[in-house]
Amino acid sequence: MSNKFYLTTPIYYVNARPHIGTTYTTVIADVIACRKRALGVDTFFLTGTDEHGQKIQRSAEKANCSAQEFTDRVAAQFRALWDRMGLTYDDFIRTTDPRHKRGVQKLFSLLQQRGYIYKGSYTGQYCVSDEAYVDVPPGAPCPECGRITETVNEENYFFKLSAFERPLLELYENNPDFIRPETRRNEVISFVKAGLKDLSVSRTSFKWGVPFPGDEKHVIYVWADALANYITAIGYGSDNPADQAKFEKYWPADLHLVGKEITRFHCVYWPAFLMAAGLPMPKSVVANGWLLFEENKMSKSRGNVVRSETILDVLGADALRYFLLREIVFGHDGSFSFDALVQRYNADLANGYGNLVSRTLTMIGKYFDGVVPEPVAGQADSISTEAPNAIAAFNRSFDALDFSRALETAWAMVAAVDGYLTASAPWKQPESVTDGQQRALRATVLYTAAEAIRIITALVYPVIPDAAAKVWGQLGLGDIHTADLRNLTWGGLPPGTRLGEFGPVFPRAEKDAITRMQQIEQSNNSDTPAVPAENTLGEPFGALAATPVETQGLAVAAAEEAAPPSISPAAPAAPAPSVPVAVAKGGSTQSAAPSSDKIISEKITIDDFAKVDLRVAKIMVAERVPKADKLLRLEVDLGYEQRQILAGIAEAYTPESLVGRKVVIVANLAPRKLRGLESNGMIVAASLEGGRPVLAGFLEEIEIGARLK
């Protein structure tokens, strides 16, 4: 194992205060950092805030304050929350920090000197809310957020991204773990193979940003500026020898944690910048999914954004940490609800781990005067025998970032020890057993339970650090934060150890816990926001910006002449409005197919229709969904990404007849789960009521990824 580990979260856009979405990725990073430190690894954990851009400048104007005052206020909210939660970050970078500005300017000076930056111009549509260039006609709404775009005509500097298509593909091929999970890796590879175009890296229509080196008429584009935080925070660009030594020590990063909607920025643009600058590549970029609240995407406009503070006030930080890692399979979309949170808290923490600790230590206090007893030698039991296997399984899952499975293993051990205590019943004394025999039996059973608690506590310490510290102290083992938790083996709890002071670890949540949290959030969402925010999209777990932008955001170059971008958005926005077409079911929703004797009376505007992102896709894989007669699981290629769609067309089409076929999909429909599988979009078909669906297609040849208008 390497003796250094550098990991980062995305830096969070300061257009709104933090919530459990932004908390999720930061907690994941903290859990990894805590475990690495417990294993003796020199660990550096970075988080921070992204504070530049036109949206921030306008939000500050609305708040009647300077952009710096505005960003100071919101950045402080992020830092205050992380500190309240006890997160152990080593540095908090702000893109308004002088050190960041210095490092960004050094990076772009170097790119310019090495011939990868040139001046051009751009004319086209720009979405200020998403800080993104978009490929729509003048006056049309943004495909992502639905707001009317603005026409911009400005001089820009461009980065020669097109020069890095082959080097990037070689990077992915030679480093299979560079992009995880596999779905994100496939999307990125497909995007790069489709061809890369040069990217705008400056703006001239506003001033709130890092001035472009040597030409202060320009500011560096917010996305390009933000990506550099991973090196500026550890000393890049500094003349101070200590900062330079820090950069040499920790770069390259071992792990970038990001939201899935910004994978391309981190896996295409960021490594291309580093290649152009001659700097080493980060070792791995891992993307997590989106957070859904009661199966709906969190959105400020819906009023269903949940603040972490609400949960801290009612259940505490450990409850939130445990729920996020146990309930959500890392790398996939996850669902949050207050009901699920309280149920998991009571079942696993209060009635499970907390109750096991309480009953074990209480009996040691009662029968052995609070001193860990000496077990009878040579009496093997299932708990001590299986402990090494459980430790190994936990470590394998945790190191693979499969936190949910790791915790499942730990809580299987909790259940096993609880069952062992119940079966052994050390509080009873059969008539045929002498006092001496009963004492020996109790000593063995209670030592076994206490030692198992020690091992479980050491394993889960990174996830529930406050509770683990309490239990470690109650076991009489001192401060867990300074304990050596490497090489866990059975028998590490010395007999004769005097227990510490008892106290509840996880008191059972009261019946009104759910109601209390709901009332807090209702009050919070009805209040006037502390920070004016333009973005109303559901926010991802961890995002460089607060909107789910994937591929737009950087304009295609037109050297000294205007040309519209060809990069199109891909991430889902809001559910598509009703349109007069039938759609084969790709999730749990389906537009109704009109019958021949009915007239569709509901009218929509052109703006409504423009929100529906219809795309040409090619079916690459088709297979039946087990135990679902009508469903097919399809993998489709959109040119810029590959995705999975479930379609209710199995009775009309065989899987083999669909492979290679071009179809039309609704690309910006919110993801849905069906039969445990996630569907990202809908296949467009037509049919009479009750009739066979017929897939929409084309007579002429058309490129995949093309948008229907």
Side-chain donor-acceptor pair under 3.5 Å between Thr151 and Gln125, yes or no? yes

Can you give me the closest heavy-atom contact between Gly259 and Pro10, atom names plus distance? N-CG, 4.4 Å

Asp90 side, atom CG; Thr47 side, atom OG1 - distance, nearest 0.5 Å: 11.5 Å

Suppose we call two aromatic rings close when their centres sit under 6.0 Å apart. Are Tyr116 and Phe164 close by that rule? yes

In terms of the angle between their ring planes, are Tyr230 and His266 parallel, tilted or perpendicular, with boundaries placed at 30° and 60°? tilted

Output yes when Asp333 and Arg672 qualify as a salt bridge under the 4.0 Å nitrogen-oxygen rule, no when they do not. no

Using distance alone, with no hydrogens and no angle criterion, decide if Ser284 and Arg180 have a side-chain donor and acceptor under 3.5 Å apart. yes

Show the numbers, then the answer: is there a salt bridge (charged side-chain N to carboxylate O under 4.0 Å, His left out) between Lys283 and Asp254? CA-CA 5 Å; Lys283 296 180 182 178; Asp254 294 272; 3.2 Å; yes

What's the separation between atom CE in Met85 and atom CD1 in Ile311, rounded to the nearest 0.5 Å? 8.5 Å

How far does CG of Leu81 sit from OG1 of Thr26, to the nearest 0.5 angstrom? 8.5 Å

Would the number of heavy atoms belonging to other residues, nucleotides or ligands and lying under 6.0 Å from CG of Asn64 be above 12? no

Establish, yes or no, whether the cationic atom of Lys119 lies under 6.0 Å from the six-membered ring centre of Phe158 and within 45° of the ring axis. no

Are Lys101 and Asp225 packed together at the side-chain level, in the sense that at least one heavy-atom pair is separated by less than 4.5 angstrom? no

Value rounded to 0.5 Å, distance of OG in Ser205 from CD in Glu155: 12.0 Å

Side-chain contact, heavy-atom cut-off 4.5 Å: Tyr6 with Pro252? no

Please identify each residue that fulfils ring-ring contact (aromatic ring centres under 6.0 Å, His included) with His218, with sequence neighbours left out. Tyr157

So, using ring-ring contact (aromatic ring centres under 6.0 Å, His included) as the criterion, who are the partners of Phe330 when residues are at least two apart? Phe403

Would you confirm whether Asp243, through its side chain, and Asn240, through its main-chain N or O, come within 3.5 Å as a donor-acceptor pair? no

Any side-chain donor near an acceptor of the partner, Asp72 and Gln68, under 3.5 Å: yes

Output all residues satisfying side-chain hydrogen bond (donor to acceptor under 3.5 Å, both in side chains) with Arg114, sequence neighbours left out; order by chain, then residue number. none

Show the numbers, then the answer: is there a side-chain hydrogen bond (donor to acceptor under 3.5 Å, both in side chains) between Thr310 and Glu521? CA-CA 7 Å; Thr310 298; Glu521 280 307 311; 2.3 Å; yes

Determine yes or no for a side-chain-to-main-chain donor-acceptor pair under 3.5 angstrom, with Trp290 supplying the side chain and Gly334 the backbone. no

Ring geometry between Phe265 and Tyr269 (parallel below 30°, tilted from 30 to 60°, perpendicular above 60°): perpendicular

Nearest heavy-atom neighbours spanning Ala33 and Leu7: CB-CD2, 4.1 Å

Using 4.0 Å as the upper bound for N to carboxylate O, is an ion pair formed by Asp215 and Lys217? no

Any Ile117 side-chain heavy atom under 4.5 Å of Phe212 side chain: yes

Do Ser308 and Thr22 have side-chain heavy atoms sitting under 4.5 Å apart? no

Whether Asn156 side chain and Ser121 backbone form a donor-acceptor pair below 3.5 Å: no

Between Pro213 and Gln105, what is the shortest heavy-atom contact and its length? CG-O, 3.7 Å

Audit row: Thr8, Leu255, side chain to side chain contact (heavy atoms under 4.5 Å, CB included) steps and yes/no: CA-CA 6 Å; Thr8 69; Leu255 178 61; over 6 Å; no

Are any non-hydrogen side-chain atoms of Asn288 and Ile28 less than 4.5 angstrom apart? no

If you look at every heavy atom in Cys267 and Tyr172, which pair is closest and at what distance? O-OH, 2.5 Å

Could you check if a side-chain atom of Phe178 sits within less than 4.5 angstrom of a side-chain atom of Arg185, using non-hydrogen atoms only? no

Any chance you could measure Ser238, atom OG, to Lys246, atom NZ, to the nearest 0.5 Å? 10.0 Å

Minimum heavy-atom distance Arg615-Ala667, with the two atoms named: CG-CB, 3.6 Å

With the threshold set at 4.0 Å, does a side-chain nitrogen-carboxylate oxygen contact exist between Asp30 and Arg321? yes

Less than 4.5 Å apart, any side-chain heavy atom of Val210 and any of Phe108? no

Would you say the side-chain atoms of Asp198 and Tyr118 include a donor-acceptor pair closer than 3.5 Å? yes

I need the minimum non-hydrogen distance between Val222 and Asp50, along with the two atoms involved. CG2-OD1, 3.7 Å

Decide side chain to side chain contact (heavy atoms under 4.5 Å, CB included) for Val192 and Val268; before the verdict, give the C-alpha distance in whole Å, the side-chain angles of both, and the deciding distance to 0.1 Å. CA-CA 8 Å; Val192 175; Val268 179; 3.9 Å; yes

Are any of the side-chain nitrogens in Glu165 or Lys160 under 4.0 Å away from the carboxylate oxygens of its partner? no

Begin from the C-alpha positions of Thr71 and Trp208 and carry the test side chain to side chain contact (heavy atoms under 4.5 Å, CB included) through to its verdict. CA-CA 11 Å; Thr71 57; Trp208 184 240; 4.2 Å; yes

Ionic contact status for Arg84 with Glu309, cut-off 4.0 Å: no

Verify whether one side chain among Tyr89 and Asp83 offers a donor that lies under 3.5 Å from an acceptor in the other. yes

Met281 and Leu274, any side-chain heavy atoms less than 4.5 Å apart: yes

Sidechain N-carboxylate O distance under 4.0 Å for Arg184, Glu187: yes

Parallel, tilted or perpendicular, as decided by the 30° and 60° cut-offs, for the rings of Phe44 and Tyr250: tilted

Whether the side chain of Gln244 engages the backbone of Tyr236 through a donor-acceptor N/O pair (distance < 3.5 Å, no angle test) should be reported. no

With a 6.0 Å cut-off (strictly less than), is the heavy-atom count around NZ of Lys207, excluding the residue itself, greater than 12? yes

Compute whether any side-chain donor of one residue and acceptor of the other, for Thr96 and Glu51, lie under 3.5 angstrom apart. yes

Steps toward side chain to side chain contact (heavy atoms under 4.5 Å, CB included) verdict (Gln54, Arg203): CA-CA 9 Å; Gln54 190 173 13; Arg203 298 291 308 277; 3.6 Å; yes

Thr204 and Glu154: side chain donor to acceptor below 3.5 Å: yes

Distance check, rounded to the nearest 0.5 Å: Asn668 atom CG versus Asn680 atom CG? 11.5 Å

